[in-house]
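Working notes for the structure below.
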Amino acid sequence: MDFNKNYKMIFQELNQAFDSIDEKEVEELVEMICEAEQIFVVGVGRVLMMLQAFVKRLNHLGISANYVGAVDEPAITERDLLIVGSGSGESIVPLEIVKKAKKFNAAVAHIGANPKSSMSAYEDLFVRIPCSTKLALEDEISSDQIMSSLFEQSLLLLSDTIAMMIVEEKEITDLHALWRKHANLE
């Protein structure tokens, strides 16, 4: 049991993952988010949890965001963006939701590791985090962490990076004012 060794390994892997993300893809995703009327996210398991944190942050920034399956989820339209998180791009529920979103002419952005996944036929944008997945593709960043932890951590940190880019894009200067949109029944 070695705290220092483990957290240093995690940060080293995260640095490697972020060095592999295409900045242009992320910039395009920021533009899509800022232009959409509503944002929807879908994923499963820990990926969904990371995306739910992103939904909360987008709402803090004044962007209407929801996760698929929420009790108060509104209808998706052609003016909206669905962001799907799936490392493999083969998870059944997100794949079916992507297909359904395209029937409503919504834009779809996929954040994942597999550029040749079943989702690629439906994506308007693919942002690649080439972390190891259950598929064990040749060009994935290998990880000494448990299962797909590196992808999930990268997804959360990428969403926080995107939030900061949105702050810059929208020229939000008073970050303290964002607290007015934070939950206050705590």
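Inter-residue side-chain proximity for Met50 and Ser159 is flagged as unmet; no heavy-atom pair is nearer than 4.5 Å.
The environment of NZ in Lys102 is crowded: more than 12 heavy-atom neighbours from other residues, nucleotides or ligands sit within 6.0 Å. For Glu23, the CD atom counts as loosely surrounded, since its 6.0 Å shell holds 12 or fewer non-hydrogen atoms of other residues, nucleotides or ligands. Residue Ile92 qualifies as open at atom CD1: its count of foreign heavy atoms under 6.0 Å is 12 or below. In Met49, the CE atom is not crowded: 12 or fewer heavy atoms of neighbouring residues, nucleotides or ligands sit closer than 6.0 Å. Other residues, nucleotides and ligands place no more than 12 heavy atoms under 6.0 Å from the CZ atom of Arg57. Within 6.0 Å of CD in Glu37 there are more than 12 heavy atoms belonging to other residues, nucleotides or ligands.
Hydrophobic clustering, with ILVMFWY side chains joined whenever heavy atoms are under 4.5 angstrom apart, groups Val127 together with Met32.
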So Val84 and Val41, side chain to side chain contact (heavy atoms under 4.5 Å, CB included) or not? Walk me through it. CA-CA 6 Å; Val84 58; Val41 302; over 6 Å; no
Show the numbers, then the answer: is there a side chain to side chain contact (heavy atoms under 4.5 Å, CB included) between Thr161 and Val26? CA-CA 9 Å; Thr161 303; Val26 178; 5.5 Å; no
CA sep, side-chain torsions, deciding dist, call: Gln153, Ser149, side chain to side chain donor-acceptor pair (under 3.5 Å): CA-CA 6 Å; Gln153 294 157 353; Ser149 290; 4.8 Å; no
Working note: Glu90 + Asn114, criterion side chain to side chain contact (heavy atoms under 4.5 Å, CB included); need CA distance, chi angles, decisive distance, verdict. CA-CA 9 Å; Glu90 302 298 337; Asn114 181 8; 4.0 Å; yes
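For the atom pair CG of Leu150 and CD1 of Ile141, the computed distance is 6.5 Å after rounding to the nearest 0.5 Å. Note that OG of Ser20 is 10.5 Å distant from CD1 of Ile129, once rounded to the nearest 0.5 Å. Taken from CD in Gln145 to OG in Ser132, the straight-line distance is 8.5 Å, to the nearest 0.5 Å. Interatomic distance, Arg79 CZ to Glu35 CD, rounded to the nearest 0.5 Å: 14.5 Å.
Side-chain N/O atoms of Asn105 and Glu78 include no donor and acceptor closer than 3.5 Å.
When atom types are taken as modelled, the side chain of Asp80 and the backbone of Thr77 share a donor-acceptor pair closer than 3.5 angstrom. Proximity of a side-chain donor or acceptor of Glu25 to a complementary backbone N or O of Leu125 within less than 3.5 Å is not detected.
Applying the ring pair (Phe, Tyr, Trp, His ring centres under 6.0 Å) definition to pairs two or more places apart or across chains, those involving residues 99-148 are His110-Phe126.
A salt bridge does not link Lys8 with Asp2: none of the charged nitrogens is closer than 4.0 Å to a carboxylate oxygen. Electrostatic pairing of Asp174 and Arg180 does not count as a salt bridge here, judged by no charged N lying under 4.0 Å from a carboxylate O.
The aromatic rings of Phe11 and Tyr7 sit perpendicular to each other, their planes meeting at more than 60°, with 30° as the lower class boundary.
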